[in-house]
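Data first, discussion second: the structure below is written as structure tokens.
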Amino acid sequence: MDYNFLEIEPKWQKYWSEKKTFKAEIDHNKPKFYVLDMFPYPSGAGLHVGHPLGYIASDIYARYMRQRGYNVLHPMGYDAYGLPAEQYAIQTGTHPEVTTFKNIDRYREQLDRIGFSFDWDREVRTCDPKYYKWTQWTFIQLFNSWYNNDTQKAESIDLLTVEFEKNGNARINAACDQHEPFTADEWKAKNEKEQQELLMNYRLAYLSDTMVNWCPELGTVLANDEVKDGLSERGGHPVERKLMKQWSLRITAYAQRLLDGLNTIDWSDSLKEVQRNWIGRSEGATCYFNIKDHDEKLEIFTTRPDTMFGSTYMVIAPELDIVEKITTPEQKAEVKKYLEWAKNRSERERQSEVKNISGIFTGAYGINPLNGKEIPIWVADYVLAGYGSGAIMAVPAHDSRDYAFAKHFGLPIIQVVSGGDISEESYDAKEGKMMNSGFLNGMEVKDAIRATIAKIEEQGIGYGTINYRLRDAIFSRQRYWGEPFPVYYKDGVPYMLSEDKLPLLLPEVDKYLPTETGEPPLARAKNWTTEEGYPLETNTMPGFAGSSAYYLRYMDPHNDNEYFSKETNEYWKDVDLYIGGDEHAAGHLIYSRFWNKFLFDIGIACEDEPFKKLINQGKIQGRSSFVYRVNHEKYAEYLLWEYIKQIGDEKKWIRDYRDGHRKFDFYNEEVNLIIEIKSQPKLEKLESYYEEYIKSTDKKLLLLPIADIIDMDEEIMEATKKAVENTDKGVIFNHHEIRPLKPIFVSKGVKDRKLFSTPLHVDIDLVENDILNLESFVSWRPEFNDAEFILEDGKYRCGYEIEKMSKSKHNIQNPDALIEKYGADTLRLYEMFLGPLENHKPWDTKGIEGVFRFIKKLWKLYFDDEGNIALSDAEPTKEELKALHKTIKKVKDDIERFSFNTAVSSFMICVNELKDLKCNKRSVLSDFCILISSYAPHIAEELWSILGNQESITYAKFPEFKEEYVKENDYSYPVSFNGKMRFKIDLPVDMSKDDIEKAVLEAEEAQKWIAGKTPRKVIVVSNKIVNIVI
RNA sequence: GCCCAGGUGGUGGAAUUGGUAGACACGAAGGACUUAAAAUCCUUUGGCCAUUGCGGCCGUGCGGGUUCAAGUCCCGCCCUGGGUACCA
């Protein structure tokens, strides 16, 4: 019987699906284990080989844990809202749901062919009303909550209003935009609208005028993590700053908890680092500086209060209102000009520009509270309005930006921390003793920071504080294809729908574009109002809304009364293993943690952190192939240059490309060489053109007519020749190597190829081992029918480069084709064998053959030469047991430390050994079958049934490792001399160190190296190594 | 600039706690079987020198150091990839 994966694989996929083998149900007799993949956005292109990488790894882990006796939850679903389907809808009128569902079907089909052990009964789609009902529900809860900094958790807004009635806001310490104190009476005096407006400052989901990233091209705002380098992450369109009324989530309230939580979870250091940077905590002090001749104070934030004595000027961000208030009449005009200029610079301009130093003096002076010195106040756009208070005390001696600014405008620089030279650059390190700093002198920086904070607190002019870079998450999108907000407006004030009205269904619209008046597409919906006629919100939620808590919904996906039941949540708790790409490090993974913490606060979720262990699988990159097309012009130049090298000293020659005319490509003192190219004067002008030029120069003229290799009219050619011959200075140069006008491709190794050819992507299917199939190439690109190929050793060798997989690069590897050729088991094993899961690695199909050979070898262990099942019930030999148990240990260890690639090689080693031992023992092969079943489930199921089992191998017990089978009597000691391994000697494992030393020194080989000398030292490490120092 | 990860044969990678560097594969070369091809099997395969066998020297980006012993630890550099950027 041959290994026929085309038959085996669909057979077992059908079996699993029919028997619901992977259905997970609460079972209190078993420990739970939750393995989750980041659910995919179903794009139109389908899966390529990079997608399943993480899914295969998580599937192996899930299957392994089932065999270890865990109750495994391993669900899959779809992140179904997204821009591509909407863009397609705008172009074609097709409802995004139609496109999305079609893509989902295609994804499902592809996923099914790889043999994943998902519990498909739990599938969720974010665009399903039954699902987004709970996204809307959570939004209502966020709206109805505020964050209490005293208790460090979200609390009900109703309790807050009760407190306002009683005491005003005096005793409330909230994460809040409201700083003005008010009394209970003042609160009660407010009308409904005013109260609502005030409460908006407290709510965790709030509506406000916010500076947003507006993308005109996409017609929507974007979150900070959706903008890269001033361009939209999707589509790469320009993004500008704009003030708009938008829903936001007060994620900043959770900044400290999001930071602290990182210490409790098992994520990679680099990923935690990304999150820490994104949150951007900095400790420092807030301090108020008096302004000379003004009642106003200037609030500043600094992380270096210790350097306050070194502050020689202050800077305010141009956006701040206080600028106008304090500017002196003399400076008014200048400042106004500057503010105007700063305002009109777009965000992208500001970012892409080489750091220009700009700023203007306001005429006002601040007073340094520690030494009473008057220091000038400047306006400059290197200070950002959005961070801290938008104003700084500048300490040029110890901050590089202040330093550059001070140097530029000639402001004083005073060193206050010793230990660095500030003549060329600032000394930013927090090390050294204080100087020029009054009461701080002689202190270490750390102590000085503490002392300064104590001092300003004592004087009541400041306090120690913490700032975060994290911004609130803007939650409105002006799009159609997203969750509608459960919000209506009464008198311009937003109210939540009652929960029994959920889900608020996404309405039908005639077009998916904004309205003529610029309103979002939902404004096109008919009767988009409540029953009472109040208008509904026309924005929709962003992509991260639906993906922020899908892992919780998997626990109880069909529950229409609750998000998920308490029972299911308390059983499944949190995700034990989460696998996905690192592109979500700053977006999804922060939002999810925030969302989860909020649900935890309101008592819905029982765990504070959602993802205990997280692994980022690396991207699989494509390996593009290239052919090198000769650029005729450059080639001619190259040949010419080679010629020059032959005739003389090339150093005297200059290559010139000026004016883009490329008339005088090479020249020296006596001669101009001209390469005549396509773009030349009209025929009638040509003769006079050259004659004029020739007259104007004393030099000799060497003309290279390359009409025979580029399109040059014969007449023009003649005219050119004539022009040259009319003078006595002209020479016509003909190079014998110049080739006819045809496309030319040079093989990779041809000398100086880079100088005259340009690489061109070639479809990877036309290339094998970097050798191009010329016939297929020409039929792929008929326009190169008459092309000439410059070969090496009779072959055309292609170049290659590792790049992102994409259609335009012709390097897409589709898993379907590989599954047809090798089967899903081989694909699974190969993707794991490629390298460590977390590495980015190039896809290269060369290696898949080796894995396929291995699978076939494994299959053959169960059969004799005639192809009949041949299994023996005899006792396994010592060697067979050793091979098996070595592998059991290795595979178990490797899976548990997520080293999937090394487990595959230990499978290979084991099969090689069993094959050499001609092992056909049922017990050994049976255990091995279980070992490999998580990696290659189809072949394992088939062999498992051949072994006589009736049930699926899914719940077979993972074999137990027995030390006794791998124990050896002897260990082969490597013996090294001065650290260099010289020979090996077999000695009993339990031999004493003294005896080992003796035995080694007496060994015949040892004598050669000792060479009569006395060893100075002998190091014996039991069952490891012996080192002799001579 | 700053932060993080990494640098090992022709290629992907292995070496888990400082203890035999290059496991396992790919590719390449040679051979067996075959009319031939495919498939399969066997041998060799880090570099250099020696080659009649024995062998020897060098070698984990570079330069130092610690150690009986360094791919692994420490110091200083170089390079690659990623994140981030007037965040005070």
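Remember, it's a predicted structure, so these values are computed and weren't measured experimentally. Throughout, a chain's letter reflects where its sequence line sits, starting with A, and its residues are numbered from 1.
If you check B:rA14, B:rU20, B:rA88 against the side chain of A:F301, the one that comes closest is B:rA88. Closest to the A:K841 side chain, of the nucleotides B:rC86, B:rU20, B:rG13, is B:rG13. Comparing B:rG13, B:rA88, B:rU16 by their nearest atom to the side chain of A:Y387 picks out B:rA88. Checking B:rU20, B:rC68, B:rU84 against the side-chain heavy atoms of A:K1017 singles out B:rC68 as nearest. With B:rG19, B:rA39, B:rA88 as the candidates, the nucleotide lying closest to the side chain of A:K1024 is B:rG19.
Nucleic acid contact for A:K980: sugar-phosphate only, since backbone atoms but no base atoms lie under 4.0 Å from a heavy atom of the residue. Counting any heavy atom pair closer than 4.0 Å across all strands shown, A:G280 reaches no nucleic acid atom. Residue contacts shown for A:F833 include a base, since a base heavy atom lies under 4.0 Å away. At the heavy-atom level, A:I1019 lies under 4.0 Å from base atoms of the strands shown. A:W1009 comes within 4.0 angstrom of sugar-phosphate atoms only, judged by non-hydrogen atoms across all strands, and of no base. Backbone-only engagement by A:M908 is indicated by non-hydrogen atom pairs under 4.0 Å involving sugar-phosphate atoms exclusively. The residue A:V1029 sits close only to the backbone: its heavy atoms come under 4.0 Å of sugar-phosphate atoms, none of a base. Using a 4.0 Å heavy-atom distance criterion, A:R982 is classed as a sugar-phosphate-only contact. As judged by a 4.0 angstrom heavy-atom cut-off over every strand, A:N901 is placed among residues touching the sugar-phosphate backbone only. Residue-level contact check: A:S899 touches neither bases nor backbone, having no heavy atom under 4.0 Å from any strand. The residue A:R853 sits close only to the backbone: its heavy atoms come under 4.0 Å of sugar-phosphate atoms, none of a base. Within the nucleic acid shown, A:I392 comes within 4.0 Å of at least one base atom, counting heavy atoms only. Contacts of A:D582 with the nucleic acid, taken as non-hydrogen atoms under 4.0 Å apart, are absent.
A residue-by-residue look at A:W278 and A:P836 shows that A:P836 has its nearest nucleotide of RNA chain B further toward the 5' end. Residue order along RNA chain B, read from the 5' end via each residue's closest nucleotide, puts A:E273 first among A:E273 and A:D399.
Atom CZ in A:R469 sits about 14 Å away from atom P in B:rG83, given to the nearest Å. Atoms CE (A:M314) and C1' (B:rA88) sit 12 Å apart, rounded to a whole Å. Atom-to-atom, CG of A:L320 to P of B:rA88 comes out at 17 Å; the value is rounded to the nearest Å. Counting to the nearest Å, the C1' atom of B:rG13 and the CD1 atom of A:I909 are 13 Å from each other. Spacing between atom CZ of A:F983 and atom C1' of B:rG55 amounts to 16 Å, rounded to whole angstrom units. We find that CD of A:Q275 is positioned 15 Å from C1' of B:rC3, with the value rounded to whole Å. Rounded to an integer number of Å, the gap from CZ of A:F977 to C1' of B:rU20 is 14 Å. Counting to the nearest Å, the P atom of B:rG1 and the CG atom of A:N277 are 17 Å from each other.
For A:K890 and B:rU16, a side-chain-to-base donor-acceptor distance below 3.5 Å is present, hydrogens and geometry of angles not being considered. For A:K984 against B:rU20, a side-chain-to-base donor-acceptor contact under 3.5 Å is present.
Straight-line distance between the C1' atoms of B:rG65 and B:rG12: roughly 34 Å, to the nearest whole Å. Of the P atoms belonging to B:rC42 and B:rU52, the separation is 29 Å, rounded to the nearest Å. Rounded to whole Å, the C1' atom of B:rA15 lies 30 Å from the corresponding atom of B:rC54. The C1' atoms of B:rC24 and B:rC57 are separated by 29 Å, rounded to the nearest whole Å. Rounded to whole Å, the P atom of B:rU17 lies 27 Å from the corresponding atom of B:rC3. Taking the C1' atoms as reference points, B:rU8 lies 14 Å from B:rG47, given to the whole Å. Of the P atoms belonging to B:rA88 and B:rG18, the separation is 37 Å, rounded to the nearest Å. The same atom, C1', is picked in B:rG56 and in B:rA32; the two are 35 Å apart, to the nearest Å.
Annotation for A:E583: atom CD counts as buried by contact number, over 12 foreign heavy atoms lying within 6.0 Å.
For the pair A:R593 and A:W278, the cation-pi criterion (under 6.0 Å, within 45° of the ring axis) is not fulfilled.
Looking at A:S358 and A:Y338, their side chains do bring a donor and an acceptor atom within 3.5 Å of each other. A donor and an acceptor atom, one from each side chain of A:D894 and A:T902, are located under 3.5 Å apart.
In this structure B:rG9 sits in the syn conformation; its chi angle is within 90° of 0.
Between A:R281 and A:E283 there is a salt bridge, with a side-chain nitrogen of the basic residue lying less than 4.0 Å from a carboxylate oxygen of the acidic one. A salt bridge links A:K619 with A:D582; the closest basic N to acidic carboxylate O contact falls under 4.0 Å. Comment: A:K889 does not engage A:E963 in a salt bridge, judged by the lack of any side-chain N to carboxylate O separation of less than 4.0 angstrom. Comment: A:E997 does not engage A:K993 in a salt bridge, judged by the lack of any side-chain N to carboxylate O separation of less than 4.0 angstrom.
Remark: A:N912 is in phosphate contact with B:rA25, judged by side-chain N or O atoms under 4.0 Å from OP1 or OP2. Dashed line: the shortest gap from a side-chain N or O of A:S282 to OP1 or OP2 of B:rA88 is under 4.0 Å.
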Distance-only donor-acceptor hits, side chain of residues 853-862 of chain A, under 3.5 Å, sequence neighbours excluded:
unit_1: A:K857; atom_1: NZ; unit_2: A:N912; atom_2: OD1; d: 3.1
unit_1: A:W859; atom_1: NE1; unit_2: A:M1; atom_2: O; d: 3.2
unit_1: A:Y862; atom_1: OH; unit_2: A:L925; atom_2: O; d: 2.9

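Helical stems involving RNA chain B, defined as 3 or more consecutive Watson-Crick or G-U pairs under 3.5 Å, span B:1-7 with B:78-84, B:10-12 with B:24-26, B:27-32 with B:40-45, B:46-49 with B:55-58, B:61-65 with B:73-77.
Each of A:W843, A:F900, A:Y822 was scored for a ring-ring contact (aromatic ring centres under 6.0 Å, His included) with A:Y830, with one residue passing: A:W843.
Qualifying salt bridge (charged side-chain N to carboxylate O under 4.0 Å, His left out) partners for A:D472, counting only residues two or more places apart in sequence or in other chains: none.
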